[in-house]
Amino acid sequence: MPRTIHIIGAGLAGLSAALRLSASGERVTVHEATAFAGGRCRSYHDAAVGMTIDNGNHLLLSGNHAALDYLRDIGVADRLIGPPAAEFPFVDLLSRARWTLRFNNGRLPFWIFDPTRRVPGTRARDYASLARLVWPPAGKTVGEVIACSGPLYSGLVEPLLLAALNVDPPAASAKLAAAVIRETLAAGGRACRPLVAREGLSATLIEPALAALRQRGAAVLLERQLRALRFGAGRLEALDFGTETIALAADDAVVLAVPPYAAAALVPGLAVPSEFRAIVNAHFRIAPPAGQPPLLGVLNGTVQWIFAFPGRLSITISAGDRLLDSPREDLAKTIWAEVAAVCELPAELPPWQIVRERRATCAATPAQDEKRPGAETAWRNLVIAGDWTNTGLPATIEGAIRSGNRAAELIAGR
Ligand SMILES: Cc1cc2nc3c(=O)[nH]c(=O)nc-3n(C[C@H](O)[C@H](O)[C@H](O)COP(=O)(O)OP(=O)(O)OC[C@H]3O[C@@H](n4cnc5c(N)ncnc54)[C@H](O)[C@@H]3O)c2cc1C
């Protein structure tokens, strides 16, 4: 009888572990608490806008190699759409100035010497300060390593780090900021092309993964919440789903790929990050105007990024905790006023939806980063995965997939 690997949680961490293990011939069963796979990265039909939308806009970069490998593995690498070069159009709501950051492909940043490609108002020598963020001292915040003011900060560092770390950049972990910069800006434009799942997150990252798992003989069981883990001497002995308990055979193993608060409730003594940051998304059913770029950065507004999809404009506001208690309609109006001004659209509010994910990611601060556990546990047949584990990256798709891959490697090696 071959061993069974049980994966708890069908977010990207759990799915990537399941894909790796089933590809190497392991017998895999995924158990997901809710009625859908995808966790924090999924699509759903929204009645208010009358269309299928994502729970939040997700941006990937061409340097996210684990995410791209994952998509290649499930046969849909072509579903991430982006410009052929690393270009980021911006608009400043205060001055109404518009410009496009254009990184060159190689590692040598020629673009910083070209005023038509760099941040307006900056000089090439300003960019030298970023070198301090590439290998920063341990335990520091970004604000302790670089000056968080001036045109380079507001035109490049702040939007990049807000999007990647989902925390106010001055308070962000410099170590995590450095990981992002090393894998993107410092790697050259080739690693910085913005990529978006134009057909939706589920159609791109989730449904094809489920199809590949089925094809590899893995079972994915929905509405199956793990209630408790039963521990023996040095190993897990059983999984308790409330109505059913599964006894684990000697070789069976478990990947626990649930959010940190769920993991802490299941595993005694597990230290986990306990602070989170929100992401607010607003979706408007309206055709993007001709020439609207797929992704537009906005400075000096409530809106941070405008994503253009067929028949819809969707807005992202990271570290959006200050907006959690605003009345929804007021928020929709504020956001739409900015979008209408930027995109030259009528002031009348189109059909809209606001999605506020309170615990979108764990807080990427030095103190919270310290609390992220590794994948291995004190129990030889239990490993942990998730964007919040100690991946060395902020809580992102890339981090979640790398953690799932790492969990699969650990299990395969046992
Ligand atoms: C609004 C928003 C915008 C984002 N934008 C970006 C972006 O632009 N780029 C980017 O890279 N990342 C982005 N992220 C982050 C990204 O979505 C996450 O890093 C990633 O999806 C986390 O995957 P995960 O598998 O670690 O966790 P999750 O997706 O949280 O998966 C955990 C799964 O475990 C299940 N579960 C929980 N408890 C149990 C239990 N007891 N039994 C069984 N199952 C259980 C949950 O239901 C869930 O399906 C964003 C996140 C949000 C919310």
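Quick note: numbers below take in every heavy atom, side chains included, and nothing from hydrogens, waters or symmetry partners. We count ligands from 1, going down the list as the structure has it; atoms in each ligand are counted the same way.
The side-chain tip of Arg117 does not point at the ring of Trp99 from less than 6.0 angstrom away and within 45° of straight on.
When only modelled atom types and interatomic distance are considered, Tyr127 and Thr122 share a side-chain donor-acceptor pair under 3.5 Å.
Between Arg372 and the choices Asn390, Thr391, Thr389, the side chain to side chain donor-acceptor pair (under 3.5 Å) rule is met once, by Thr391. Checked options Arg227, Arg230, Arg224; the residue passing with Asp240 is Arg230 (criterion: salt bridge (charged side-chain N to carboxylate O under 4.0 Å, His left out)).
For an aromatic pair to be called close, the ring centres must be under 6.0 Å apart, and Phe276 with Trp388 fails this.
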Using a 3.5 Å cut-off on N/O to N/O, what pairs does ligand 1 make with the protein? A line per pair would be great.
from: ligand 1; atom 1: 5 (N); to: Asn57; atom 2: O; distance (Å): 3.4
from: ligand 1; atom 1: 8 (O); to: Leu59; atom 2: N; distance (Å): 2.7
from: ligand 1; atom 1: 9 (N); to: Leu59; atom 2: O; distance (Å): 3.0
from: ligand 1; atom 1: 11 (O); to: Ile397; atom 2: N; distance (Å): 2.8
from: ligand 1; atom 1: 12 (N); to: Ile397; atom 2: N; distance (Å): 3.4
from: ligand 1; atom 1: 14 (N); to: His58; atom 2: NE2; distance (Å): 3.3
from: ligand 1; atom 1: 17 (O); to: His58; atom 2: NE2; distance (Å): 2.7
from: ligand 1; atom 1: 19 (O); to: Asp387; atom 2: OD2; distance (Å): 2.7
from: ligand 1; atom 1: 19 (O); to: Thr396; atom 2: N; distance (Å): 3.4
from: ligand 1; atom 1: 19 (O); to: Thr396; atom 2: O; distance (Å): 3.3
from: ligand 1; atom 1: 25 (O); to: Leu12; atom 2: N; distance (Å): 3.1
from: ligand 1; atom 1: 25 (O); to: Ala13; atom 2: N; distance (Å): 2.9
from: ligand 1; atom 1: 26 (O); to: Asp387; atom 2: N; distance (Å): 2.9
from: ligand 1; atom 1: 27 (O); to: Arg40; atom 2: NH2; distance (Å): 3.0
from: ligand 1; atom 1: 29 (O); to: Arg40; atom 2: N; distance (Å): 2.8
from: ligand 1; atom 1: 30 (O); to: Arg40; atom 2: NE; distance (Å): 2.8
from: ligand 1; atom 1: 30 (O); to: Arg40; atom 2: NH2; distance (Å): 3.1
from: ligand 1; atom 1: 41 (N); to: Leu226; atom 2: O; distance (Å): 3.0
from: ligand 1; atom 1: 42 (N); to: Leu226; atom 2: N; distance (Å): 3.0
from: ligand 1; atom 1: 44 (N); to: Ala33; atom 2: N; distance (Å): 3.1
from: ligand 1; atom 1: 47 (O); to: Glu32; atom 2: OE2; distance (Å): 2.6
from: ligand 1; atom 1: 49 (O); to: Glu32; atom 2: OE1; distance (Å): 2.6
from: ligand 1; atom 1: 49 (O); to: Glu32; atom 2: OE2; distance (Å): 3.2

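Put simply, the side chain of Asp168 never gets that close to the backbone of Ala171: no donor and acceptor are under 3.5 Å apart.
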